[in-house]
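Below is one structure, written out as structure tokens; comments come after it.
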Amino acid sequence: MAVLDIAQLKADFGTFLGTSEKDILKVLTQPTFRAAQATIAAIVQGFQKGWTPKGTPAFAPLIITHKRHKFDVEIYPDEIYGSWLGFLADESKSREEWPLVKYILYKMLLEQVAQDRELSLIGNGSYAAIVDGTAQATGKSMDGFLTILKAQHALGATSKMNFANKNVAITASNVIDQVEKFADTITGPYKSIPMNVFCSPENLTFYTRKRRDLYGANQDYGKFGSVVIDGTPLTLQALPSMIGSDILFATPKANFIRLLKLNDGASKPFVETSKRQVFLFADWYENVGFALAEVVWAFVPDAGSASN
């Protein structure tokens, strides 16, 4: 007789046993996020008076592990003496309180961190192991969602994600056909669920201009930066992290996970001084991923067809 393996379920999910999908998706501040992927074989059978059990529920956790990131910067504030930046020194204060240091931290470093996260990590990050004593290249501290989609696409039929076939490159002339063909790959009950179809800013521009050329300029494109795909509940939405990519993907909002702890990015930087040197640093946990592979639809251009 088939028996639900409770011991294995507890081992896979630790001490947290969610009572619903929402409960599971709320565990976003734990060191590891586990999403329940529930499967069971076909169970319907013809009626008979005797008890004939059939089917074993199984739960396989899809794991998104927190990745830790940081920046370490050291400066010698005294180097500005004799330059036009000399006015940013303040000898009445310790060096970490100089206007120069605050400017570097809040106007240069933190803005660069935001740019690195958006353009090098969230979408295009490609994880590599740390080498002790060596500063890691930016973009190697986690896998971004584009990297995850490419890796799943490379698995072929063994991936549980849903990939569009005949993945030719998107161009300014075929963009509407390609987007609508992709939208048509979303079938079953999810076809009627409003979702974003995420794309690059370039392809959103191609799409809106092509539609303007075909149907005229007097159209309601919705809010700036997005457009409804005709005949569907889907909205084409550009992401800065997808610049230069021809990938399209859609998934319910709750399934697209951005894992953060309370310190959102480098929101709590530190400043320390040793002799005349100032050290600026911060660290935080962050990662992205998808909770359930089965409810991800993606268009990934085949290798060599275009930049992806």
Side-chain angles (χ1 to χ4, degrees), residues 18 20-28 32-39 59-67 117-118 121-125 142-165 167 170 178-201 203-204 207 222-223 225-229 231-243 245-260 286-301 308:
S20 69
E21 181 184 8
K22 288 184 178 179
D23 288 333
I24 293 171
L25 294 179
K26 284 179 182 177
V27 192
L28 301 183
T32 297
F33 169 74
R34 292 177 170 88
Q37 177 188 343
T39 60
F59 295 85
L62 297 182
I63 299 175
I64 306 170
T65 305
H66 265 306
K67 296 295 185 184
R117 292 169 71 199
E118 186 66 48
L121 286 174
I122 295 170
N124 292 294
M142 62 181 271
D143 280 341
F145 61 83
L146 294 176
T147 301
I148 293 170
L149 291 172
K150 292 175 190 177
Q152 287 291 316
H153 179 248
L155 293 176
T158 61
S159 174
K160 293 183 179 180
M161 291 186 180
N162 307 282
F163 290 98
N165 295 322
N167 300 351
I170 294 176
Q178 290 295 89
V179 168
E180 291 182 349
K181 285 179 181 178
F182 169 74
D184 290 343
T185 66
I186 302 174
T187 58
Y190 287 93
K191 192 171 185 66
S192 60
I193 296 177
M195 289 186 283
N196 285 322
V197 174
F198 295 106
C199 68
S200 69
N203 282 333
L204 180 64
Y207 187 94
K223 62 184 180 179
S226 63
V227 59
V228 174
I229 300 172
T232 77
L234 305 173
T235 300
L236 194 62
Q237 176 72 56
L239 293 177
S241 49
M242 294 183 69
I243 289 173
S245 173
D246 274 345
I247 288 176
L248 305 173
F249 75 97
T251 195
K253 183 178 180 180
N255 196 53
F256 190 18
I257 306 299
R258 185 171 183 183
L259 203 60
L260 292 166
E286 181 173 11
N287 208 355
V288 294
F290 302 96
L292 303 176
E294 290 87 346
V295 289
V296 176
W297 290 264
F299 166 96
V300 177
N308 58 7

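None of the values given here were measured: they were computed from a predicted structure. Every heavy atom of this structure was used, including side-chain atoms; hydrogens, water molecules and symmetry mates were not.
- For the pair A183 and T232, the tightest heavy-atom approach, listed with the atom from each and the gap, is CB-CG2, 4.3 Å.
- Residues meeting the side-chain contact (heavy atoms from CB on, under 4.5 Å) test with N196, sequence neighbours left out: F198, T235, Q237.
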When the side chains of residues 184-195 are checked against the rest of the protein, which donor-acceptor pairs come out under 3.5 Å, sequence neighbours left out?
unit_1, atom_1, unit_2, atom_2, d
T185, OG1, F182, O, 2.5
S192, OG, P189, O, 3.3

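- The closest side-chain heavy-atom distance from P301 to I170 is not below 4.5 Å.
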### Task
Might you work through the side-chain contact (heavy atoms from CB on, under 4.5 Å) test for D143 and K67, ending with a clear yes or no?
CA-CA 9 Å; D143 280 341; K67 296 295 185 184; over 6 Å; no
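- With values rounded to the nearest 0.5 angstrom, I257 atom CD1 is found 8.5 Å from L292 atom CG.
- Only one option out of W297, F145, F299 pairs with F249 in a ring-ring contact (aromatic ring centres under 6.0 Å, His included); it is F145.
- Taking NZ of K150 as the start and OG of S245 as the end, the distance is 6.0 Å to the nearest 0.5 Å.
- Residues A250 and V197 share a closest heavy-atom pair of CB-CG2, 4.1 Å.
- Scanning for side chain to side chain donor-acceptor pair (under 3.5 Å) contacts around E180 gives an empty result, with sequence neighbours left out.
- Nearest heavy atom pair, residue V288 against residue I148, reads O-CD1, 3.8 Å.
- Using a distance-only test at 3.5 Å, with no hydrogens or angles considered, no donor-acceptor pair links the side chain of N287 to the main chain of L259.
- Without hydrogens or angle criteria, T147 side chain to G125 main chain gives a donor-acceptor distance under 3.5 Å.
- Residues satisfying the side-chain contact (heavy atoms from CB on, under 4.5 Å) criterion with P240, sequence neighbours excluded, are E118.
- Side chains of L155 and M161 form no contact here, defined as non-hydrogen atoms less than 4.5 Å apart.
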### Query
Between L239 and I122, is a side-chain contact (heavy atoms from CB on, under 4.5 Å) present by the stated rule, with each step listed?
CA-CA 10 Å; L239 293 177; I122 295 170; over 6 Å; no
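- Interatomic distance, L236 CG to L204 CG, rounded to the nearest 0.5 Å: 5.0 Å.
- The side chain to side chain donor-acceptor pair (under 3.5 Å) test applied to S159 returns Q152, not counting sequence neighbours.
- T251 meets the side-chain contact (heavy atoms from CB on, under 4.5 Å) test with N255, F256, F290, V295, V296; sequence neighbours excluded.
- Heavy-atom minimum distance, L146 versus S241: CD1-O, 3.8 Å.
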